[in-house]
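What you see below is based on every heavy atom in this structure, not just the backbone, and it leaves out hydrogens, waters and symmetry mates. When a ligand or atom number is given, it counts from 1 through the structure's own listing order. It should be emphasised that the depicted structure is a prediction, and the values quoted were computed from it without experimental measurement.
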Amino acid sequence: MARSIVVIHGPNLNMLGRREPEIYGAMTLEGIDAALAARAAAAGAALRSFQSNHEGALVDFIHDAGWSSDGVIINPGALTHYGLSLRDALAMLKAPIIEVHISNVYRREAFRHSSVVAPVATGQIAGLGWRGYLLALEWLLEEGEA
Ligand code: DQA
């Protein structure tokens, strides 16, 4: 079981709840982080969330907290599709990485169909709304090996 988990949210995810709710739903980022924190606490795991609209800030966070965690949940936002420095930062980690997308990116525009993060991730959840984050956390709590 992963005991120290980080959740990383990329660009524009701070606008969840107001951003294209017909695609991303009404749940806010604060609500997602609170649900994840409650579930982790109930399981006795430490969980830290971080959001940035800047790729370099996400890379810095991975060098810092990601390095010492034993499970990573990341929604890279649009960086999914072209963020190579983010991908390289994730590739350094030994911990399992779950890539989460709120929407089903494969039913959307062609540019969303490829992920530069997927080849360095353990697995991916897409299209299950904000609960995809909770499902990723369940997997890390039950299966995730550091
Ligand atoms: C997203 C899908 C991406 O294509 C998009 O750029 C996002 C959100 C999702 O959660 O569905 O910002 O990662």
Flag if over 12 foreign heavy atoms under 6.0 Å of CZ, Arg112
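Counting other residues, nucleotides and ligands, CZ of Arg112 exceeds 12 neighbours.
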Test item: side-chain donor near acceptor, Gln51 and Asn53, under 3.5 Å
yes
Using only heavy-atom distances, determine whether the side chains of Gln124 and Ser115 contain a donor-acceptor pair under 3.5 Å.
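Note: Gln124 and Ser115 side chains miss the donor-acceptor criterion.
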One pair per line, please: each N/O atom of ligand 1 matched with every protein N/O atom under 3.5 Å away, atom names first, then the distance to 0.1 Å.
residue, atom, partner, partner atom, Å
ligand 1, 4 (O), His81, NE2, 2.7
ligand 1, 4 (O), Arg112, NH1, 2.8
ligand 1, 6 (O), Ala78, N, 3.1
ligand 1, 6 (O), Arg112, NH1, 3.1
ligand 1, 10 (O), Asn75, ND2, 2.8
ligand 1, 10 (O), Ile102, N, 2.8
ligand 1, 11 (O), Ile102, N, 3.3
ligand 1, 11 (O), Ser103, N, 2.9
ligand 1, 11 (O), Ser103, OG, 2.6
ligand 1, 12 (O), Arg19, NH1, 3.0
ligand 1, 12 (O), Arg19, NH2, 3.0
ligand 1, 13 (O), Asn75, OD1, 2.8
ligand 1, 13 (O), His101, ND1, 2.8

In sequence, state the C-alpha distance, the side-chain angles, and the governing distance for Ile8 and Ile73, and then conclude on side-chain contact (heavy atoms from CB on, under 4.5 Å).
CA-CA 6 Å; Ile8 303 171; Ile73 299 169; over 6 Å; no
Would you call the rings of His81 and Phe111 parallel, tilted or perpendicular, taking 30° and 60° as the class edges?
perpendicular
Can you confirm whether Val105 sits close enough to His113 that some side-chain heavy atom of one is under 4.5 Å from a side-chain heavy atom of the other?
no
